[in-house]
Each structure stands twice: as C-alpha cells, then as structure tokens.
There are 2 protein chains.
Amino acid sequence: MALDHAILVSLLEKPGSGYELARRFERSIGYFWTATHQQIYRVLKRMESDGWVDVRDVPQQGRPDKKEYSVAGPGRDALSAWLHAPIEPESVRHDLAVKIRGAAFDDPAALIGEVRRHRQAHTDRLEHYRAGEARDFPPSGADGPPDAERELQHAVLRGGIAYERMMIAWLDDVLATLARFEAGR
Amino acid sequence: MALDHAILVSLLEKPGSGYELARRFERSIGYFWTATHQQIYRVLKRMESDGWVDVRDVPQQGRPDKKEYSVAGPGRDALSAWLHAPIEPESVRHDLAVKIRGAAFDDPAALIGEVRRHRQAHTDRLEHYRAGEARDFPPSGADGPPDAERELQHAVLRGGIAYERMMIAWLDDVLATLARFEAGR
DNA sequence: TGCAGCATGTAAGTCGTTACATGATTTC
DNA sequence: GAAATCATGTAACGACTTACATGCTGCA
C-alpha cells in the first residue's frame with residue numbers, strides 16, 4: 001500500500017494540512033496517485049498515532065484553523081524501508097477497455113461518443129500537464145549542480161505526459177476501428 | 001465497478017468455469033483488468049443468485065467436475081445498460097512514481113536496480129503481447145466483412161502494446177535521470 | 001441570498017488482498 | 001515422491017468509495 005508513502009513524500013516536499021494534501025492530490029500528485037480527503041484524514045490520523053508525523057496547530061485569520069503535518073523520524077525510516085524494498089510492477093485496470101470489448105455484443109457505434117469524451121479528458125489533462133511543465137520546469141541553460149527533488153519531479157511529470165499522449169493516440173486508433181462498424185451496420 | 005462487467009464480457013466471448021475465467025484474467029484479459037479466483041468465485045455466486053448468469057454442471061474425466069457459467073438475459077441487459085452509461089476517465093496509480101519522487105529524500109541511485117526490474121517486466125509483457133498478436137491477429141489481405149469481436153479485441157491489445165512501449169521509453173528516461181545522481185554523489 | 005472555497009471529520013458499504021483449506025490427477 | 005495443474009471455496013482484514021455532517025469567510 002502506497003497511500004501512506006505518497007503522503008509522506010508529499011509532506012517531505014512541503015508540510016501541510018489534510019486539506020492541502022487533498023488539493024495536491026487533485027493537482028500535481030494526481031498524475032500518479034489519487035486520494036480523497038476522507039482517505040487522507042484517516043491515514044494522517046493513523047500515522048500520527050504511530051508517530052510517523054508531527055502535528056502543529058496553525059491558527060489562521062479569516063479561515064478555519066488548520067493542523068500542519070510534517071514527517072517525523074519514524075515516518076522517514078518507514079519511507080526509506082519501503083523505498084528499498086522491491087514492489088511488483090502493478091497491474092492495469094481500464095474500464096474503457098472492458099467497454100470496448102463488450103461493445104462487440106452490443107452496438108459498437110454507440111461507444112463512439114464515450115470514447116470521444118475520454119479522448120477529450122486526456123487532451124485536457126495533457127494540456128494541464130504541459131502548462132505545469134512550462135511553468136515549473138522552464139528550459140535552463142548551464143546552471144549549478146542537479147537538484148534531485150526537481151529533476152525527479154520532472155521525470156514523473158514527463159511520465160504523465162507520455163501516458164496522456166499514448167492514450168490519445170490509442171483512442172484515435174479505437175475511434176478509427178469503431179468507425180468501420182458505423183458504416184457496416 | 002467493472003469486474004462484474006469484465007466477467008460478463010468474457011463469458012459472452014466464451015462460457016467457462018470460475019477457474020477458466022481466472023486463467024483468462026491472468027492472460028489475455030490481464031492487459032486491462034486483473035482479478036484473482038477468490039474475487040471471481042464471489043462475483044459469479046452473486047451474479048448467479050441475481051439471475052445474471054446460468055450454471056451448468058459439467059462432469060469431466062480425469063479432472064474435477066466444473067461449473068460452466070454463461071450469460072443469461074438479465075446479465076446481458078445489465079451489461080448493455082452499463083455500456084450505454086458514461087464512465088469517468090479513470091485515475092492512475094503508480095507506486096513506482098511515488099518511489100521515484102520519494103528517492104529525492106533518500107538515495108536516488110539505490111532506485112536504479114528497481115527501475116531496471118520494472119523495465120524488464122514491461123519488456124517481457126510487451127513480448128508476450130506481441131507474440132499473442134502475431135498468433136491471433138495475423139496480417140490479412142482483403143477478406144470478408146469486418147468481425148467486430150475480433151477487431152475490437154485487437155484494438156484493446158494494441159492499447160496494451162502501446163502502454164508497454166510507453167512505459168519502457170519512460171523508464172529509460174527515468175534511468176537516464178537517476179544516472180545523473182549516481183555520479184554526483 | 002447563495003455559492004464557492006477553506007477545513008475537518010463520521011458512517012456504511014463495497015471491493016480487493018492475503019491466508020487458509022481440500023482433494024484429485026498428471027508430469028518429472 | 002514431489003510439484004504442478006485442475007477445480008472450488010471460506011474467512012479476515014484492509015483499502016476505497018459514497019454519502020452525510022458541520023461551520024466559517026469572501027464574493028457577486
């Protein structure tokens with residue numbers, strides 16, 4: 001289970017509240033992990049009672065107070081142990097692929113709208129990632145020593161971009177395949 | 001939830017026992033959905049009591065008897081309803097990406113072996129898919145009317161192939177990034 | 001007045017994973 | 001004699017989703 005570790009990594013990058021973590025999971029972290037606030041609060045509570053994170057009450061003006069979490073020693077140790085242990089290459093789950101194979105027993109052409117919707121969603125995400133890349137990782141000339149945190153974040157973002165591009169190309173392929181059955185009915 | 005529907009599609013393609021379904025999920029269906037036999041037996045039992053599938057006892061020689069499941073009318077209707085309802089473009093979960101971002105706070109070079117292992121696993125899967133493609137979808141000249149079941153299965157397989165290729169290219173990118181920190185320690 | 005954003009939570013139910021359990025046959 | 005394959009299950013636990021719940025501030 002990696003939600004614990006995803007939260008630890010995010011808190012190492014920058015301490016924050018459960019709410020802030022939930023927003024990060026909606027945005028930048030969202031391209032490799034998703035989590036709702038309910039999950040996050042539960043895990044934060046558990047990690048707090050296990051001594052993996054420290055909490056600090058932060059009073060705010062014009063806003064509800066918040067609890068700022070940061071990673072404690074045992075949490076860092078737990079993350080390190082997980083980083084050094086091998087994980088299995090994960091399995092994929094694509095609802096849309098189930099639908100595409102299922103369409104053979106229903107009406108293939110009826111799926112065209114749905115596939116277009118998904119294609120649009122992936123186009124939007126790609127745009128979003130590319131905007132983030134342009135903002136956070138501008139092309140740089142010769143500069144100082146490489147910054148591991150930045151470069152690894154960028155590498156993960158490039159993975160998100162590659163994924164969206166692959167999906168768009170594949171959905172175009174699927175649309176071309178479906179079109180053959182639209183005429184052939 | 002799509003496990004129900006994945007099972008229905010598989011049974012429409014060919015009726016079979018829980019055990020056979022589990023093997024199909026390990027193989028061809030595995031490139032877009034995974035399920036263990038425990039899950040499958042539970043869902044089959046539920047679908048049977050809901051009247052979505054029919055069961056037939058098949059005695060065998062030299063092997064334990066098996067129960068062959070096939071899709072019943074209500075199951076087909078349920079699948080059809082699901083096919084016509086929109087689903088949300090699914091969220092991604094990559095443990096390995098969590099590790100890569102986490103490596104910035106540990107030892108980036110220590111991750112190289114792990115990333116290589118994953119690259120190998122994706123290379124193996126790609127080989128497996130390509131062998132399946134060559135076997136089941138040989139290049140054909142001009143032939144009869146297009147067969148929806150075959151062509152859609154092929155389109156999904158092409159998606160699996162595109163996914164593995166993308167992953168291999170991205171992991172090479174990650175390895176190049178990690179290598180920069182091996183020297184710079 | 002109403003909506004969006006900030007901030008934290010509880011409860012119920014489903015889904016998925018891991019471990020345990022059995023027993024026959026075929027292959028090395 | 002051991003291991004792999006065929007075949008079906010139960011039990012327990014942990015993860016995830018969905019719905020419900022509260023309350024304050026800022027803006028149109």
Side-chain angles (χ1 to χ4, degrees), chain A residues 1-7 15-27 29-30 32-50 53 55-69 78 82 87-95 98, chain B residues 1-8 15-27 29-30 32-50 53 55-69 78 82 85 87-95 98:
Chain A
M1 215 281 302
L3 176 55
D4 300 39
H5 308 106
I7 288 176
S17 68
Y19 187 85
E20 283 162 353
L21 283 169
R23 299 198 61 217
R24 288 186 216 168
F25 274 87
E26 271 173 16
R27 300 176 185 207
I29 307 178
F32 62 91
W33 203 273
T34 50
T36 59
H37 76 274
Q38 292 90 338
Q39 278 179 275
I40 292 167
Y41 284 123
R42 208 182 329 138
V43 172
L44 282 174
K45 195 161 274 185
R46 192 183 68 223
M47 292 202 293
E48 189 193 340
S49 72
D50 290 350
V53 293
V55 198
R56 195 168 64 92
D57 276 313
V58 179
Q60 296 187 117
Q61 293 181 332
R63 290 179 179 191
D65 297 349
K66 67 177 182 179
K67 298 184 184 173
E68 193 181 77
Y69 291 88
W82 179 72
I87 50 174
E88 284 310 298
E90 58 258 19
S91 44
V92 199
R93 284 193 181 180
H94 284 297
D95 293 65
V98 178
Chain B
M1 214 278 303
L3 176 55
D4 299 40
H5 308 105
I7 289 176
L8 289 172
S17 68
Y19 187 85
E20 283 163 353
L21 282 170
R23 298 197 63 216
R24 288 185 215 169
F25 274 88
E26 271 172 17
R27 300 175 186 208
I29 307 179
F32 63 89
W33 202 273
T34 50
T36 59
H37 76 274
Q38 293 88 340
Q39 279 177 274
I40 291 166
Y41 283 123
R42 212 193 313 156
V43 172
L44 282 175
K45 196 160 274 186
R46 192 182 68 223
M47 291 201 295
E48 189 194 340
S49 71
D50 290 351
V53 292
V55 199
R56 195 168 64 93
D57 276 314
V58 179
Q60 296 187 116
Q61 293 181 332
R63 292 181 177 187
D65 297 350
K66 65 176 182 178
K67 300 182 184 175
E68 194 182 75
Y69 292 87
W82 179 73
I87 51 174
E88 283 311 298
E90 56 259 17
S91 45
V92 198
R93 286 198 178 174
H94 284 297
D95 293 64
V98 178

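A note on names: the letters A, B, ... follow the listed sequences, proteins ahead of strands, and every chain is numbered from 1. Just the heavy atoms: all of them, side chains too, but no hydrogens, waters or symmetry mates, feed the values below.
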5'-most by nearest nucleotide on DNA chain D - B:G18 or A:T36 | B:G18

Please confirm whether the backbone N or O of B:F32 pairs with a side-chain atom of A:R93, one donor and one acceptor, at under 3.5 Å?
-> no

Is a donor-acceptor contact shorter than 3.5 angstrom present between the side chain of A:R63 and the base of C:dT8?
-> no

When the distance from CD of A:Q61 to C1' of C:dA7 is rounded to whole Å, what number comes out?
-> 17 Å

Counting just side-chain N and O atoms, does A:R23 come under 4.0 Å of either OP1 or OP2 of C:dA7?
-> no

To the nearest angstrom, the OH-C1' distance between A:Y41 and D:dA21 comes to 13 Å

How about B:S17 and B:E68: do any of their side-chain heavy atoms sit closer than 4.5 Å?
-> no

Once you round it to whole Å, what is the distance between P of C:dC15 and CG of B:L44?
-> 14 Å

Protein-nucleotide distance (B:E26, atom CD; C:dT17, atom P), rounded to Å | 13 Å

In short, B:M47 meets B:D4 closest at the heavy-atom pair SD-O, 4.1 Å

Grab the CD-P distance between A:E68 and C:dT8 for me, whole Å please.
-> 11 Å

Give, for atom CD of B:E20 and atom CD1 of B:I40, the distance between the pair rounded to the nearest 0.5 Å.
-> 11.5 Å

Considering just the side-chain nitrogens and oxygens of A:R46, establish if one lies under 4.0 Å of OP1 or OP2 belonging to D:dA15.
-> yes

The bend of the helix from C:dT1-D:dA28 to C:dC28-D:dG1, taken between the axes of its five terminal pairs at each end and rounded to 10°, is 30°

Upstream residue (5' side of DNA chain D) when A:G62 and A:W33 are each assigned their closest nucleotide = A:W33

Check whether any side-chain nitrogen or oxygen of A:Y19 sits under 4.0 Å from OP1 or OP2 of C:dC6, and answer yes or no.
-> yes

Are any of A:S17's side-chain N or O atoms less than 4.0 Å away from OP1 or OP2 of C:dC6?
-> no

What is the nucleic acid contact for B:Q38, judged by heavy atoms within less than 4.0 Å: base, sugar-phosphate only, or nothing?
-> base

B:Q60 vs D:dA7: side-chain N/O to OP1/OP2 distance below 4.0 Å = yes

Pairwise side-chain contact, B:I7 with B:Y69, heavy-atom cut-off 4.5 Å (strictly under) | no

B:K67 side chain near D:dG9 phosphate (N/O to OP1/OP2, under 4.0 Å) = yes

Whole-Å distance, A:I40 CD1 to D:dC16 P, equals 11 Å

Does D:dT10 have OP1 or OP2 sitting under 4.0 Å from an N or O in the side chain of B:K45?
-> yes

Please state how far atom CG in B:D95 lies from atom P in D:dA15, giving the value in whole angstrom units.
-> 13 Å

Can you check whether B:R42 has a side-chain N or O nearer than 4.0 Å to OP1 or OP2 of C:dG16?
-> no

Looking at side-chain heavy atoms only, is the closest gap between B:V58 and B:R56 below 4.5 Å?
-> yes

For atom CD of A:E88 and atom P of C:dT17, their distance in whole Å = 13 Å

Presence of salt bridge, B:D57 and B:K66, under 4.0 angstrom = no

Mark yes or no for whether A:D65, through its side chain, and A:Q60, through its backbone, hold a donor-acceptor pair below 3.5 Å.
-> yes

